[in-house]
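Below: one structure, written as structure tokens.
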Amino acid sequence: MLKIGVIGEVSEMVSSANTAETMKSGTLQVYATPAMVALMEQAAYTSVQSELEEGQGTVGTRMEVSHISATPLNCTVTAKSRLVSVDRRKLVFEVEAFDEEGKIGEGVHERFIVDNQGFQEKAENKRKG
């Protein structure tokens, strides 16, 4: 049973693999906004996975974020999530990201609980249609 307040946290190092230049979201060697969003999503989905039924997962459906500070190479970014709302299958998280100097991003992230196999099959059927 999912409970409001579940916390998630994940970290990664800023490297050439997750810069704005590499991820095509800009031309600079700083942590990319798409990388920050992905890290926030990872914090959220991993925080609730153990509470779901066998064969279930979550998919992201909405992300509203502000990327408020740049992070250079070789710094660590940590994303944190907190589950703030559960409405049947809809989960809403507050998300934040930090580097060693402080907050670099914040926002709200929405996910839905799905049956993994059924969701994957529905996606695969797009190729057949």
Side-chain angles (χ1 to χ4, degrees):
M1 177 75 174
L2 289 170
K3 295 187 192 283
I4 301 296
V6 171
I7 302 290
E9 183 174 318
V10 292
S11 298
E12 71 179 358
M13 180 74 70
V14 181
S15 69
S16 60
N18 55 22
T19 63
E21 181 179 47
T22 300
M23 298 191 84
K24 301 184 184 335
S25 65
T27 59
L28 300 174
Q29 290 291 307
V30 296
Y31 195 58
T33 301
M36 182 185 74
V37 168
L39 198 64
M40 290 171 161
E41 284 200 89
Q42 183 183 4
Y45 90 78
T46 58
S47 72
V48 297
Q49 187 61 46
S50 66
E51 298 298 318
L52 301 178
E53 294 179 17
E54 182 76 26
Q56 287 186 327
T58 62
V59 293
T61 57
R62 190 177 65 118
M63 178 69 86
E64 293 181 26
V65 297
S66 296
H67 194 166
I68 57 180
S69 182
T71 304
L73 289 167
N74 301 315
C75 289
T76 300
V77 174
T78 299
K80 298 180 181 183
S81 67
R82 185 170 70 85
L83 184 60
V84 296
S85 173
V86 178
D87 182 7
R88 294 177 291 220
R89 296 184 312 117
K90 179 181 169 183
L91 310 176
V92 179
F93 299 84
E94 289 178 349
V95 290
E96 297 177 299
F98 301 86
D99 63 19
E100 290 94 335
E101 298 298 316
K103 186 183 287 190
I104 66 163
E106 61 189 3
V108 176
H109 177 43
E110 181 179 280
R111 300 187 72 78
F112 272 80
I113 299 170
V114 298
D115 171 77
N116 289 333
Q117 183 176 350
F119 189 89
Q120 188 66 51
E121 287 173 1
K122 184 176 179 182
E124 294 293 332
N125 283 336
K126 286 185 170 185
R127 283 192 248 184
K128 298 173 185 171

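On a predicted model such as this, the values are computed, not experimentally measured, just so you know. If you read the sequence from its start, that first residue is 1, and numbering goes on from there.
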Q: Please answer: with hydrophobic residues joined when any side-chain heavy atoms are less than 4.5 Å apart, are V77 and L73 in the same cluster?
A: yes
**Q.** Path from V10 to M63 over hydrophobic side-chain contacts below 4.5 Å
**A.** yes
Under 3.5 Å, which donor-acceptor pairs do the side chains of residues 86-97 form with other protein atoms, sequence neighbours left out?
{"unit_1": "R89", "atom_1": "NH1", "unit_2": "I113", "atom_2": "O", "d": "2.8"}
{"unit_1": "E94", "atom_1": "OE1", "unit_2": "R82", "atom_2": "NH2", "d": "3.0"}
{"unit_1": "E96", "atom_1": "OE2", "unit_2": "K103", "atom_2": "NZ", "d": "2.8"}

Q | Co-members of L28 in a cluster of I, L, V, M, F, W and Y side chains, linked at under 4.5 Å | A | V30
Q) Are T76 and E100 side-chain neighbours, meaning at least one heavy-atom pair lies under 4.5 Å? A) yes
**Q.** Note, L83 side chain near K3 side chain (heavy atom, < 4.5 Å)
**A.** no
Q.
Going by the rule side-chain hydrogen bond (donor to acceptor under 3.5 Å, both in side chains), which residues pair with E121 if we only count those two or more places apart in sequence or in a different chain?
A. Q117
How long is the span from the [atom1] atom in [X] to the [atom2] atom in [Y], to the nearest 0.5 Å?
| X | Y | atom1 | atom2 | result |
| --- | --- | --- | --- | --- |
| F119 | Q56 | CZ | CD | 13.5 Å |
| E51 | T58 | CD | OG1 | 12.5 Å |
| N74 | S16 | CG | OG | 9.5 Å |

Distance-minimising heavy-atom pair for [X] and [Y]:
| X | Y | answer |
| --- | --- | --- |
| V14 | N18 | CA-OD1, 3.4 Å |
| S11 | T78 | OG-OG1, 2.7 Å |
| M23 | P34 | CE-CB, 4.1 Å |

Q: Examine distances only and state if a side-chain atom of S66 and a backbone atom of I68 form a donor-acceptor pair shorter than 3.5 Å.
A: no
Q: Could you tell me which residues satisfy salt bridge (charged side-chain N to carboxylate O under 4.0 Å, His left out) with E54, sequence neighbours excluded, listed by chain and number?
A: none
Q. So does E124 have more than 12 non-hydrogen atoms from other groups sitting under 6.0 Å from CD?
A. yes
Please output the side-chain donor-acceptor pairs of residues 38-48 that fall under 3.5 Å, not counting sequence neighbours, one pair per line with the distance.
{"unit_1": "E41", "atom_1": "OE1", "unit_2": "R111", "atom_2": "NH1", "d": "3.0"}
{"unit_1": "T46", "atom_1": "OG1", "unit_2": "Q42", "atom_2": "O", "d": "2.7"}
{"unit_1": "T46", "atom_1": "OG1", "unit_2": "A43", "atom_2": "O", "d": "3.4"}
{"unit_1": "S47", "atom_1": "OG", "unit_2": "A44", "atom_2": "O", "d": "2.7"}

Q: Any pair with a residue in residues 21-38 that passes side-chain hydrogen bond (donor to acceptor under 3.5 Å, both in side chains), sequence neighbours left out, goes on the list, sorted by first then second residue, please.
A: E12-Y31, T19-T22, E21-Q29, T33-H67
